[in-house]
Amino acid sequence: MQQETQRLLLREFSASDFEDVHAYSSDYETVRHMMFGPNTPEQTRDYLERQIPAEMTTEPRMHYNFAIQRRDSGRVIGGVSFHMNWRRDDAILGAVLNRREAGQGFMTEAVRGVCAIAFEQLGLHRLHAVCDVDNGAMLRVLEKCGFRCEGRMVQRGKSRPEEKNPYFDQFGYAMLRSEWLARRDEEQ
C-alpha cells in the first residue's frame with residue numbers, strides 16, 4: 001500500500017531504509033515528543049526487520065506504518081502511521097519527521113496523504129491524535145489538515161526520565177471521514 005503526494009511517496013518501510021530511519025530515530029531533538037528513542041542501531045534494525053514485517057502480515061491488520069520518502073532524492077525523512085482500534089473503524093495517528101526537514105510542509109503533506117489512505121482506501125470512520133501541548137509544530141500540522149481539537153488532557157503523558165516534571169499535558173485532536181471528504185471536495 002502506498003500514496004503519492006506532490007513531493008512525497010508514502011510507502012511501507014523496508015530493511016534497506018536503515019540509514020535514513022536511524023538518522024532521525026537516534027536524534028533526541030527529533031524524537032523528544034515520541035514514545036520511542038533515541039534508538040540504538042539494534043532498536044532501529046529490530047523495528048525494520050522484525051516489528052514492521054510482523055505488523056504487515058498480522059490478520060486482521062491493525063498497524064499501518066509508512067515511510068515518508070522524498071520523491072526528488074529518494075531519502076526517507078520520517079514516518080507516519082495509524083493504529084486501529086479493535087473495531088477497525090477508528091485509528092490513532094502517529095508521525096515523526098527528521099528535524100532537518102522541518103518547516104518545509106513535508107509533515108502536512110504526509111498527514112494528508114495518510115488521511116487519504118485511512119479514509120478513502122480503508123474507509124475508516126475516525127482518525128484521532130494526541131499531541132504534547134509543547135509540540136507547536138505538530139499542533140499546527142493537525143489543524144492545517146482539518147483535525148479539530150477535542151480538548152486538553154491533563155498529565156496524560158509520562159515524561160522521559162531526564163525531564164523535570166514526571167507528566168505532561170496533551171491535546172486530543174480528531175477528524176471524521178465525513179469531515180475529510182467534505183474538505184477534500186471543497187479543495188478540488
Side-chain angles (χ1 to χ4, degrees), residues 1-25 30-31 34-37 39 43-98 101 104-131 138 141-142 144-147 173-188:
M1 180 172 289
Q2 66 181 32
Q3 179 76 26
E4 283 191 30
T5 67
Q6 181 180 353
R7 301 175 296 164
L8 303 173
L9 173 64
L10 305 181
R11 59 159 177 83
E12 307 279 2
F13 282 100
S14 72
S16 65
D17 296 326
F18 175 80
E19 293 298 327
D20 290 341
V21 172
H22 193 63
Y24 68 77
S25 68
T30 295
V31 300
M34 307 303 296
M35 294 184 344
F36 70 86
N39 282 2
Q43 289 170 318
T44 301
R45 275 193 195 87
D46 183 65
Y47 175 73
L48 293 171
E49 295 175 6
R50 189 193 59 77
Q51 183 180 338
I52 291 291
E55 290 176 351
M56 288 171 59
T57 58
T58 300
E59 289 295 330
R61 187 167 180 185
M62 304 296 281
H63 306 281
Y64 292 82
N65 295 288
F66 299 96
I68 302 171
Q69 180 179 336
R70 288 184 62 153
R71 290 173 56 187
D72 60 357
S73 68
R75 288 187 47 244
V76 173
I77 60 171
V80 63
S81 64
F82 57 90
H83 306 279
M84 292 193 200
N85 68 0
W86 62 273
R87 293 185 321 264
R88 296 182 45 78
D89 64 352
D90 180 21
I92 187 165
L93 175 75
V96 62
L97 183 71
N98 187 320
E101 304 288 341
Q104 301 177 62
F106 291 127
M107 184 54 76
T108 300
E109 198 171 318
V111 169
R112 285 181 177 146
V114 85
C115 286
I117 293 170
F119 292 128
E120 297 173 27
Q121 293 184 36
L122 298 176
L124 266 65
H125 171 66
R126 183 175 187 271
L127 273 179
H128 66 277
V130 293
C131 187
M138 192 61 192
V141 165
L142 292 169
K144 283 182 198 175
C145 291
F147 284 78
Y173 279 80
M175 184 187 317
L176 300 176
R177 182 174 191 268
S178 58
E179 294 167 328
W180 167 261
L181 295 174
R183 185 178 178 96
R184 181 201 65 187
D185 293 345
E186 283 176 13
E187 292 175 356
Q188 289 181 352

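If you're wondering where the values come from, they're calculated on a predicted model, not measured in any experiment. This chain uses plain numbering: 1 for the first residue, then up along the sequence.
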Novice: In Å, rounded to the nearest 0.5 Å, how long is the span from CZ of Arg177 to SG of Cys115?
Specialist: 12.5 Å

Novice: Taking the side chain as C-beta and beyond, is there a heavy-atom pair between Gln121 and Gln3 under 4.5 Å?
Specialist: yes

Novice: Heavy atoms, side chains only, cut-off 4.5 Å: are His125 and Leu176 in contact?
Specialist: yes

Novice: Using side-chain heavy atoms (C-beta onward) and a distance below 4.5 Å, is Thr108 in contact with Cys145?
Specialist: yes

Novice: Just verifying a value: how many Å separate Ile92 CD1 and His63 NE2, rounded to the nearest 0.5 Å?
Specialist: 12.0 Å

Novice: Verify side chain to side chain contact (heavy atoms under 4.5 Å, CB included) between Leu93 and Tyr173, making sure each step is shown before the conclusion.
Specialist: CA-CA 10 Å; Leu93 175 75; Tyr173 279 80; over 6 Å; no

Novice: Going from CG on Leu10 to CG on Asn65, what distance comes out if it is rounded to the nearest 0.5 angstrom?
Specialist: 12.0 Å

Novice: For the pair Leu181 and Glu120, evaluate side chain to side chain contact (heavy atoms under 4.5 Å, CB included) and give the outcome as yes or no after the intermediate values.
Specialist: CA-CA 8 Å; Leu181 295 174; Glu120 297 173 27; 4.2 Å; yes

Novice: What closest approach, in Å, do Pro53 and Leu48 show between heavy atoms, and which atom pair accounts for it?
Specialist: CD-O, 3.4 Å

Novice: Can you tell me how far apart CZ (Phe147) and CZ (Arg183) are? Round to the nearest 0.5 Å.
Specialist: 10.0 Å

Novice: When rounded to the nearest 0.5 angstrom, what distance separates OH in Tyr24 from OG1 in Thr30?
Specialist: 9.5 Å

Novice: Donor-acceptor pair, distance only, cut-off 3.5 Å: does the side chain of His128 make one with the backbone of Ala91?
Specialist: yes

Novice: Does a side-chain N-to-carboxylate-O contact under 4.0 Å join Arg61 and Glu12?
Specialist: yes

Novice: Under the salt bridge (charged side-chain N to carboxylate O under 4.0 Å, His left out) test against Glu4, which residue among Arg71, Arg11, Arg70 passes?
Specialist: Arg71

Novice: Kindly determine whether Leu127 and Trp180 satisfy side chain to side chain contact (heavy atoms under 4.5 Å, CB included), including the steps that lead there.
Specialist: CA-CA 10 Å; Leu127 273 179; Trp180 167 261; over 6 Å; no

Novice: Can you tell me how far apart CD (Gln69) and CZ (Phe13) are? Round to the nearest 0.5 Å.
Specialist: 10.5 Å

Novice: Measure the shortest side-chain to side-chain distance between Leu97 and Ile77 over non-hydrogen atoms and say whether it is less than 4.5 angstrom.
Specialist: yes

Novice: So, do Met138 and Val111 sit near enough that their side-chain heavy atoms are less than 4.5 Å apart?
Specialist: yes

Novice: Could you check if a side-chain atom of Glu101 sits within less than 4.5 angstrom of a side-chain atom of Ile68, using non-hydrogen atoms only?
Specialist: no

Novice: Passes side chain to side chain contact (heavy atoms under 4.5 Å, CB included), Arg112 versus Thr5? Steps please.
Specialist: CA-CA 9 Å; Arg112 285 181 177 146; Thr5 67; over 6 Å; no

Novice: Could you check whether any side-chain heavy atom of Glu55 comes within less than 4.5 Å of a side-chain heavy atom of Met62, counting everything from C-beta outward?
Specialist: no

Novice: Look at the rings of Phe66 and Phe82 and say which category their plane angle falls in: under 30° parallel, 30 to 60° tilted, over 60° perpendicular.
Specialist: tilted

Novice: Taking Ser14's backbone N and O only, do any of them form a donor-acceptor pair with Asp17's side chain (distance below 3.5 Å, no angle check)?
Specialist: yes

Novice: Measuring only between side-chain heavy atoms, which start at C-beta, is Asn98 closer than 4.5 Å to Val76?
Specialist: no

Novice: Has Glu109 got a side-chain atom pairing as donor or acceptor with Gln6's backbone, closer than 3.5 angstrom?
Specialist: yes

